[in-house]
Amino acid sequence: MSQPLLFSPFQSRPSSSFWLELQHQKLHTLRLSEEPIRIEATFVPGSSLVELLDKSILPPAPSPSSTPTPPPPPAAPLENERVLLSGSLTLLNTSAAFKKLDKNEFLSSSPSSDLLSVLCFADLKKHTVVYWAAFPAVPGVTDSSSNAVLPYALAEAPSPLPAPELSSLDDLYLSLRLSLAAHAPMFFVLPSGSLSLTSLASASAPAPLLTLDDWMSSSPASPDISAPLFGYVGGAEPPAGRSWVLRSLLSRLHKFYGERGCSGAVLNVVSYQPKLRRLGVGAGGALEVGAGGGVGEGGAAALLKVDVSAWAGNPSADGGPVVGWELNAQGRPGPRIVNLSSRESKRAATCAAEHMTCAAEHMTCAAEHMTRIAAAAAAAAATLVDVNGVVLSIPMPGHPIASEQEEADTKKLAGLIKSHTVTYLLTDTRESRWLPTVIASSENKPLINVALGLGSWVVVRHGRGIDPPTEIPLAEADESAEQTYERANNLDKERLGCYFCSDVVAPANSMTGRTLDQQCTVTRPGLAPIAASMGVELMVGMAHRTADGDKGALGDVPGVIRGELAEWKMMNSNTPSFSCCTACSPAAVEAWREEGFGFVRKVAADDGSWLEKLCGLQKLKESAMDVDWDEDGDSDEDF
């Protein structure tokens, strides 16, 4: 009676170097392409862990017109020989594409020769990678009469290979291994007529083993299923199951024999764990057994007789839907998440001037121990008197409120802006700057906004609140910093605009459906210090303003400073406030004062239309559409 085969799945283990190399390839080679790339993973015989290293990502194939480059020399094999798993990796540009992709269809469309398929999405803003690895294989044979999938099964119980035959198999496999420059072969075939199983130990000149691909390319049109002896080098095999490699082998053989209409009753397969040997690269570049010969104990093998009687009625080689997606950390089918920010990184700086050397303290910032703001506060506390780091989540337009904690964070943010003299905005997304702008306008607090581009930057000094005092007091020698900046914020003859005053649309969710190049701020290395220093100089210049106008002891204090590194220029301007602004207009500020977090909740759940209607922006755009143009006027020659 047939015994259904149970298979022990693999488990992928990508290294940090693998993800760093993938990131490099994405930025410099792949860019926005979502075409699959070739990868090669390895595993140690007898282990279920499949490792992906930086060298696992293969370089793209050269174009036909390019000059061919010589192949790199083979690397010296390790003492603990590894088996190669070749496959493909597909890196999607958006998280939405990753979620919407039909995973079963994706796996079914992968090439039959692929033993590994990886689907992933890299979120560079959060320093995370979401990936799902699969080891494609068909579950069994589809019965043509009942349309049911019949699992692979054994015709009889496995039997260990006797010691003399195992010794001969070790020698044959070593000969095959030395003839290959790559890793140890996973599949091998003892061809028909070359050697029978009973004479394996006594044959004087045994026929060499072939790789599965070489055997398939040289086999006759209608090969005999029962004649060859197939072998595989697999991963861990528990007592009640077999390595997933066997399932991959049966999937390929099922397709191979099914396409040729071959039939048979039993398929002879050897489960083989090769003897570990110390190999090296000889003087001529060929592999050879190094000094010391074998390493560790000898190999192990078991003979499996697989029942293939069901293959005869299924010439289409249809084995049902492809399976092989691995389980996540919770033991359920689903992707895994890798947090790259948890990898510890160290930075050090040494400044030498004549005979003085100042070494900066090494700082290790791990995500689970210290956030970026806490690390910044710790570094600033070394030179400043009172520095505190506060971690909170800022509600944003177009981002629905996810938890009640955001209401508490909003109150904390309002309290921080109210209790401090000047507020700087250095956040990543445009919509994250909206709520602090509203609060600062409501509290009449100076706010300086700093934003970066690839080669440009902008620093915006927001104007005063919607209800400034009627009389601006003169500067006094003993006034506090709070009084100084409150007075300086009201000295502009015309109320300055904010970061959003130049927009004709409400801020919305800018993080949905963004490609990799849109997820992170890629900027030139000197841009951030330049923009930050301009923001500081604006704050210092405000403190030295007089009561007569914009010009102070340190010169003019513009409202907007724009810089372009490509042309090495900087431009200043004073932009007046926009009456329909979605952040600093009277309508937006009064709504915040009256409703508080209720107003924020409405804006967060909306796509921007409600906020535009509230601030009068929608009516303004509708009125612009109603303008009548005189198309019968003078000709272009009059201009």
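The shown structure was predicted, so the numbers you read here are calculated from the model rather than taken from an experiment.
- For the pair Glu40 and Leu58, the minimum side-chain heavy-atom distance is below 4.5 Å.
- You'll find the side chain of Val245 stays beyond 4.5 Å of the side chain of Phe135, heavy atoms only.
- Partner of Cys120 under the side-chain contact (heavy atoms from CB on, under 4.5 Å) criterion, out of Leu91, Leu92, Thr90: Leu91 alone.
- Between Trp434 and Tyr499, the gap from one ring centroid to the other reaches at least 6.0 Å.
- Atom CD1 of residue Ile39 and atom CG of residue Leu89 lie 5.0 Å apart, to the nearest 0.5 angstrom.
- The distance between the ring centers of Tyr232 and Phe187 does not fall below 6.0 angstrom.
- Proximity of a side-chain donor or acceptor of Lys103 to a complementary backbone N or O of Leu101 within less than 3.5 Å is detected.
- A donor-acceptor pair under 3.5 Å is absent between the side-chain atoms of Arg38 and the main chain of Ser86, judged by distance alone.
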Requested in this report: Take Ser510 and Glu431, measure what side chain to side chain donor-acceptor pair (under 3.5 Å) needs, and give me the verdict at the end.
Outcome: CA-CA 7 Å; Ser510 64; Glu431 61 265 28; 2.8 Å; yes
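- Using cut-offs of 30° and 60° for the angle between ring planes, the Tyr131 and Trp19 rings count as tilted.
- Annotation: side chain of Ser88 is not in contact with side chain of Ile37 (no heavy-atom distance under 4.5 Å).
- Checked by atom type, the side-chain pair Ser432/Thr429 shows a donor-acceptor distance below 3.5 Å.
- Residues Pro436 and Leu413 come closest through the heavy atom pair CG-CD2, 4.1 Å.
- Pro136 and Leu107 make their closest contact through CG-CD1, 3.8 Å (heavy atoms, listed as atom of the first residue, atom of the second, distance).
- Side chains of Glu51 and Ser15: a donor-acceptor N/O pair is absent below 3.5 angstrom, by distance only.
- Asp114 and Ser117 share no donor-acceptor pair across their side chains, judged by distance under 3.5 Å alone.
- Between Gln11 and Glu326, the shortest heavy-atom distance links the atoms CA-OE1, 3.6 Å.
- No donor-acceptor distance shorter than 3.5 angstrom exists from the side chain of Ser243 to the backbone of Gly234, with no hydrogens or angles considered.
- Remark: Glu21 CD to Leu52 CG distance equals 12.5 Å, nearest 0.5 Å.
- Looking at Ser108 and Glu105, their side chains never come closer than 4.5 Å, going by heavy atoms from C-beta outward.
- A parallel orientation is assigned to the rings of Phe106 and Trp325, their planes being inclined by less than 30° (bins at 30° and 60°).
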Report task. Please assess Ile57 against Leu22 for the test side-chain contact (heavy atoms from CB on, under 4.5 Å), listing each intermediate value before the final yes or no. Result -> CA-CA 7 Å; Ile57 303 176; Leu22 180 62; 3.7 Å; yes
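- Of the candidates Leu447, Leu426, Thr427, Asp428, Thr427 is the only one forming a side-chain contact (heavy atoms from CB on, under 4.5 Å) with Arg433.
- With rounding to the nearest 0.5 Å, the separation of CZ in Arg31 from OG1 in Thr29 is 8.0 Å.
- Arg247 approaches Ala137 most closely through the heavy-atom pair CG-CB, 3.6 Å.
- Annotation for Arg524 and Leu565: closest pair NH1-CB, 3.5 Å, computed over non-hydrogen atoms.
- A heavy-atom distance below 4.5 Å is found between the side chains of Leu435 and Val600.
- With rounding to the nearest 0.5 angstrom, the OG atom of Ser12 is 11.0 Å from the CG atom of Leu85.
- Side-chain contact check for Phe121 versus Asn93: every heavy-atom pair is 4.5 Å or farther apart.
- Looking only at side-chain heavy atoms (C-beta outward), Leu246 and Leu5 come within less than 4.5 Å of each other.
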Requested in this report: Could you walk me through whether Leu174 and Leu178 pass the side-chain contact (heavy atoms from CB on, under 4.5 Å) test, one step at a time?
Outcome: CA-CA 6 Å; Leu174 176 61; Leu178 293 178; 4.0 Å; yes
Query raised in the report: So Leu169 and Tyr272, side-chain contact (heavy atoms from CB on, under 4.5 Å) or not? Walk me through it.
Result: CA-CA 9 Å; Leu169 183 57; Tyr272 179 54; 3.7 Å; yes
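- Remark: Trp132 CH2 to Ile337 CD1 distance equals 12.5 Å, nearest 0.5 Å.
- Side chain of Lys99 to main chain of Thr94: no donor-acceptor pair is present (N/O by atom type, distance under 3.5 Å, no hydrogens or angles).
- Looking at Glu237 and Ser271, their side chains do bring a donor and an acceptor atom within 3.5 Å of each other.
- Using a 4.0 Å cut-off between charged nitrogen and carboxylate oxygen, Asp213 and Arg252 count as a salt-bridge pair.
- For the atom pair CG (Leu527) and OG (Ser456), the distance works out to 7.0 Å, reported to the nearest 0.5 Å.
- Judged by distance alone, with hydrogens and angles left aside, the side-chain atoms of Thr42 form no donor-acceptor pair with the main-chain N or O of Arg82 at under 3.5 Å.
- Aromatic ring orientation, Phe43 versus Phe10: tilted (interplanar angle from 30° to 60°).
- By the 4.5 Å heavy-atom criterion applied to side chains, Ser95 and Val130 are not counted as neighbours.
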**Report entry** CA sep, side-chain torsions, deciding dist, call: Trp457, Val450, side-chain contact (heavy atoms from CB on, under 4.5 Å)
**Finding:** CA-CA 8 Å; Trp457 52 270; Val450 182; over 6 Å; no
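- A cation-pi arrangement, defined by a distance under 6.0 Å to the six-membered ring centre and an angle within 45 degrees of its axis, is absent between Lys55 and Phe18.
- A donor-acceptor contact closer than 3.5 angstrom is absent between the side chains of Gln405 and Ser393.
- Heavy atoms from other residues, nucleotides or ligands lying under 6.0 Å from CZ of Arg430 number more than 12.
- Closest non-hydrogen pair, Leu249 versus Gly231, comes out as CD2-O, 4.4 Å.
- In this structure, the side chain of His254 does not engage the main chain of Leu250 through any donor-acceptor pair within 3.5 Å.
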